[in-house]
Amino acid sequence: MPELPEVESVRRILVDGTPSLLGAVVWNVDILRASVVDGLSTEQLRRQVEGATVHEVFRHGKYLFFRLSNARGTNFCWMAVHLRMTGRLFLVSEESAIAPHTRFVLHLENRQVLRFDDPRAFGRVWLVSDPAEVISRLGPDALAIGKDMFLQRLSGQRRQLKPLLLDQSFVAGLGNIYVDESLFRARLHPLQSVTGLRGDERERLFAAVHEVLQQAVDCKGANIDGVFEAGNFPVAVYGRNGTPCPVCGSSIVKLRVAQRGTHLCPSCQPMN
DNA sequence: CACTCTACCTGTGCGC
DNA sequence: TGCGCACAGGTAGAGT
């Protein structure tokens, strides 16, 4: 499931790869499944995006924003993309094999295409005039946030750690995998409430979230069930129930917390 | 406010 | 072999 590190990895490939999406002109748009377009008609989206130039790709949490201008450079808008569970973006030559669940295609100059492939079809594409329309509903980016801001936001909270960290309005970018990995690194139980955390435990939580996400970005994300072929972030607990804890050797257990599969080491992550 | 549940989707893996 | 089913989970929106 693409979370912050995987989405950042996609952004870097699109911006820094050869070819780059920056400066590319969109000749036309194919929408193979109308439901991926959210909040406006496929015709409205096509009208805005066809002929546009891509000037910038930026990420906040798990959201990607593509800054577009029309041919004259007089009219700007942003194309927003959320990959949700199984969405992938490929910038490839138009001759390359088409993934079987391609939902959306931007045809670019020089026979390049940007394809959005998504087996479960949860992912969405839409347009905004300002990314703030989306970001204002979200907390600070989970990788960009500093310790002081993190501790300040934590101080206003009383909730259990797992649902809190999954809440995109607290910090944006963590999903089920990296919440479990962060809590393991912080040696904190997912059901622990913020209220019961000591100061050193709050600092440990910040450090764990930051280190896990930074390491995962450096690894180009994780590779769960072969979904993210490029990533090699070493998962310690997610999906590893029944296997030995890499720190103490105890058996990793799986609970259900906030309707999510939740993996932890019961001896490394005790409750206060 | 905090939580729980459901809908949206489809590929996978299980039991029978 | 094949069928039915539970399961995976990010987000929005409704309900408790």
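Letters go in sequence order (proteins before strands), and every chain restarts at 1.
- The hydrophobic cluster containing A/I252 also includes A/F184, A/V237, A/V247, under a criterion of side-chain heavy atoms closer than 4.5 Å among ILVMFWY residues, counted directly or through chains of members.
- Each salt bridge (Lys or Arg N to Asp or Glu O under 4.0 Å) pair with one or both residues in residues 16-32 of chain A, not counting sequence neighbours, would appear here, but there are none.
- Judged by distance alone, the side chains of A/E95 and A/S93 do bring a donor and an acceptor atom under 3.5 Å apart.
- In this structure, A/E109 has no salt bridge (charged side-chain N to carboxylate O under 4.0 Å, His left out) partners at least two apart in sequence or on a different chain.
- Residue A/H101 has no polar side-chain atom (N or O) positioned under 4.0 Å from OP1 or OP2 of B/dC9.
- Whole-Å rounding puts the A/D167 CG to B/dC1 C1' distance at 12 Å.
- The CG-P distance, from A/L255 to C/dC7, rounds to 15 Å in whole Å.
- One interatomic measurement links the two molecules: CZ of A/R256 to P of C/dA6, which rounds to 13 Å at whole-angstrom precision.
- Residues forming a salt bridge (charged side-chain N to carboxylate O under 4.0 Å, His left out) with A/R202 (at least two apart in sequence, or on another chain): none.
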So which protein nitrogen or oxygen atoms get under 3.5 Å of nucleotides 11-13 of chain C's nitrogens or oxygens?
{"from": "C/dT11", "atom 1": "OP1", "to": "A/H82", "atom 2": "NE2", "distance (Å)": "2.7"}
{"from": "C/dT11", "atom 1": "OP2", "to": "A/K62", "atom 2": "NZ", "distance (Å)": "3.3"}
{"from": "C/dT11", "atom 1": "OP2", "to": "A/Q168", "atom 2": "NE2", "distance (Å)": "3.4"}
{"from": "C/dA12", "atom 1": "OP1", "to": "A/R137", "atom 2": "NH1", "distance (Å)": "2.8"}

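- Partners of A/R12 under the salt bridge (charged side-chain N to carboxylate O under 4.0 Å, His left out) rule, at least two apart in sequence or in another chain, are A/E8.
- With distances taken from any side-chain atom of A/Y238 to the nucleotides C/dG9, B/dC3, B/dT10, the minimum falls on C/dG9.
- In this structure, the CZ atom of A/R88 is 15 Å from the C1' atom of B/dT10, given to the nearest Å.
- Between the axis at the start and the axis at the end of the helix from B/dA2-C/dT16 to B/dC16-C/dG2 there is an angle of 50°, using five pairs per end and rounding to 10 degrees.
- Rounded to a whole Å, the CD atom of A/Q160 is 12 Å from the P atom of B/dA2.
- The OG atom of A/S96 sits 9.5 Å away from the CG atom of A/L91 when rounded to the nearest 0.5 Å.
- For the pair A/K162 NZ and C/dG10 P, the computed distance is 8 Å after rounding to whole Å.
- Among residue pairs with one or both ends in residues 239-264 of chain A, those qualifying as ring-ring contact (aromatic ring centres under 6.0 Å, His included) are A/Y238-A/H263; sequence neighbours excluded.
- Contacts between residues 114-133 of chain A and DNA chain C, defined by a heavy-atom separation below 4.0 Å, involve A/R120, A/F122, listed by number.
- The side chain to side chain contact (heavy atoms under 4.5 Å, CB included) search around A/S129 returns A/E133, not counting sequence neighbours.
- Rounded to whole Å, the distance from CG on A/L83 to P on B/dC8 is 22 Å.
- Within the structure, no pair that satisfies the ring-ring contact (aromatic ring centres under 6.0 Å, His included) test touches residues 19-39 of chain A, not counting sequence neighbours.
- Looking at residues two or more places apart in sequence or on another chain, you find a salt bridge (charged side-chain N to carboxylate O under 4.0 Å, His left out) between A/D167 and A/R159.
- Atom CZ of A/R159 and atom C1' of B/dT4 are 12 Å apart (whole Å).
- Nearest-nucleotide positions on DNA chain B place A/R158 closer to the 5' end than the other of A/Q259 and A/R158.
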